[in-house]
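A short write-up of the structure that comes next.
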Amino acid sequence: MKEKKFKYDDALIELKQILQDIQSDQTGIDQLSSQIARSKELINLCKTRLREIESSINPDE
Amino acid sequence: MGNFAIGNLAIQQFHSSAVLQFSSFAVSQFSSFAIQQFRSFAVQQFRLIDYFGKNFKSLESSSLFELNEYIRKVFALNFPEPIWINCEISQIKEVRGNFYLDLVEQNEKEEVVAQASGVIWYKSFLFIKSKLGELAASLLQAGTHVKIKVNVDFNERYGYKLVIEDIDPTYTMGRLELARQKIIERLKSEGVWGLNKLVDMPTVVQKIALISSDKAAGYADFKTHLEQNGYGYRYQVDLFVASMQGQNTERDVCSAIDQINEQKGKYDCIVIIRGGGSKLDLSSFDNFNIGYKISTSRLPVITGIGHEIDESIADMTAYEALKTPTACAAMFIDKSIDFEAKILDIFQVIQTFGRLNVEKNMAFLEYAEKTLAQRPLEILQRNKNDLAVMNEMIQAHVGFKFKSASDFLTQASKIVELMDPQKVLQKGYAIITQDGKTITRIPEFQQDKTTYIRFFDGEVITNNN
């Protein structure tokens, strides 16, 4: 919610793509740094969203 | 009848005279009729004088009292013991513990074919009440068909009267049951029997149209029980006032059902409630039209008419019949509880699956995070290694190239040195040129042209002209 129109599923797809690229050596060294930055951002957003969902699932915890 | 010693013919005549009306108001007509009757048969068949000490032929000169006294004696003689009769109570009123009744018999066209006054003295009523309990009050109502044990009484002043000593409730019950069976058959033949049981009952009932008497204890029971539920459920109860016993019940209940069904979507169901009472009080609900209205109601009908042994037509045609108003209220509360429990169950399943999903996603994120932290380092490391290898290779290659180049250069410089024209000229060679061209062969030499001869130490120009 913090980012405009942040969608978990879209973020996940992007993250998986980055992961796949990095694992299969498709990422060029030039893109590596930006990819890592992007993936960190995505992971943080996703985790935040999950924690929000988690706390809404367990309202009294 | 055969045992009647006297006047039995007269009694038979009374029975067969359809239009005869016996009542305290009609004593005079009855009396004059009786006189005629008695005259005719007395003269022909009986020696009345033996019994009454008076010749009936001289009755014309008798007083009214004498006549009535005579009739009383005829009654007394012919009805030495009480007899059982069947009839319908058309009216009844209580005065100081005594009950005064109008008893009638109707034919199939519902025309009154016989009528008589009846009374239950207080003492008899106490006996009947102790024998039948609450049922007594139910039986002693206008419209009830009863089998009663009566003393056929004639009083000189008050006329003909049936003094009721006992009531047989089984007769009334049997009649009701018979009537009920007929109603059931008729509802079945009209194809509406059981229709209300097929109507959809909402999972949760909150908007209730209540048909009851506002004074009925059952109404208060129902409302209190609903309102005081311990779960905080709210119910909307709209009362449609109707008579719950007696002859207005049919009209009131039917019009209330119509009225409620016309208000589409306003109510979830109809509840018909009455506060207890004996079986007979409830006979108003053994009614064809009520059964028909309930059967064909769009909304499900719940009855809490309040009896324990038998079901009325209303109960049988209803979506569900419960014993008491409180049971109706409890059923609605139970439905709400069931629904809430189901929702909570579903929520728990959602919660569990939601939690699992979050955990799964979290695990993936952790994995991605870890992988993304390690993998680039590996890539960088490998690239570094690659660079190092390439560097080595380049170094090695450069060394080799450099050597071969320097070797070549050494050799080349040697060759160059050897080939230096100055050095060749020093060795005694000379270079001949004509027109700027070096002459290396005889044919190229032209006698008539200026010739330049370059020696080690200078140039000579020859001109053959």
Side-chain angles (χ1 to χ4, degrees), chain A, chain B residues 204 229-234 336-398:
Chain A
M1 292 293 181
K2 281 169 190 169
E3 200 182 52
K4 266 187 198 169
K5 289 179 186 171
F6 167 72
K7 280 192 182 164
Y8 185 91
D9 288 339
D10 293 347
L12 202 65
I13 289 167
E14 197 182 338
L15 189 60
K16 279 180 176 168
Q17 188 59 51
I18 294 174
L19 197 64
Q20 196 189 331
D21 289 351
I22 282 181
Q23 282 177 322
S24 60
D25 290 345
Q26 301 241 331
T27 312
I29 293 293
D30 293 328
Q31 296 138 26
L32 199 56
S33 152
S34 66
Q35 293 278 55
I36 288 164
R38 179 67 182 149
S39 66
K40 273 186 181 165
E41 186 187 10
L42 289 172
I43 287 172
N44 279 336
L45 285 169
C46 288
K47 277 191 169 179
T48 310
R49 171 59 57 87
L50 284 185
R51 287 201 188 95
E52 281 169 14
I53 293 168
E54 206 169 24
S55 63
S56 73
I57 291 174
N58 310 318
D60 33 22
E61 281 172 25
Chain B
V204 170
N229 76 79
Y231 305 90
Y233 302 137
R234 294 263 175 279
S336 299
I337 294 172
D338 279 356
F339 180 67
E340 192 176 6
K342 265 182 203 148
I343 285 182
L344 288 177
D345 281 353
I346 291 169
F347 179 66
Q348 260 182 359
V349 172
I350 291 170
Q351 213 177 18
T352 308
F353 276 90
R355 225 179 262 142
L356 280 174
N357 206 333
V358 167
E359 276 165 21
K360 201 181 88 187
N361 276 281
M362 203 52 114
F364 171 73
L365 290 178
E366 302 282 354
Y367 161 75
E369 202 173 25
K370 206 172 151 192
T371 311
L372 286 166
Q374 271 176 3
R375 189 71 186 157
L377 290 178
E378 287 170 22
I379 292 173
L380 284 177
Q381 191 56 49
R382 209 186 51 232
N383 275 284
K384 269 189 199 164
N385 292 345
D386 287 355
L387 285 177
V389 168
M390 274 188 274
N391 190 33
E392 269 173 35
M393 283 170 70
I394 288 164
Q395 294 290 327
H397 196 69
V398 164

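Values reported hereafter were calculated over all heavy atoms of this structure, with side chains retained and with hydrogens, waters and symmetry mates removed. Chain identifiers are assigned alphabetically (A, B, ...) following the order of the sequence lines, protein sequences preceding nucleic acid strands; residue numbering begins at 1 within each chain.
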Spacing of A:L42 atom CG and B:L365 atom CG [to the nearest 0.5 Å]: 9.5 Å
Atom pair CD (B:E359) and CD (A:E54), whose distance is rounded to the nearest 0.5 Å: 7.0 Å
Segment of B:N361 engaging chain A (4.5 angstrom heavy-atom cut-off): both
Straight-line distance of A:I43 CD1 to B:F364 CZ, nearest 0.5 Å: 8.0 Å
B:F339 atom CZ, over 12 foreign heavy atoms within 6.0 Å: no
Atom pairs and distances, side-chain donor-acceptor, residues 372-379 of chain B, under 3.5 Å, sequence neighbours left out:
residue : atom : partner : partner atom : Å
B:R375  : NE   : A:I22   : O            : 3.2
B:R375  : NH1  : B:E378  : OE1          : 2.9
B:R375  : NH2  : A:Q23   : O            : 3.2
B:R375  : NH2  : A:D25   : OD1          : 3.0

Set of residues satisfying salt bridge (charged side-chain N to carboxylate O under 4.0 Å, His left out) with respect to A:K47, sequence neighbours excluded: B:E366, B:E369
Toward chain B, the part of A:L32 with a non-hydrogen atom under 4.5 Å: side chain
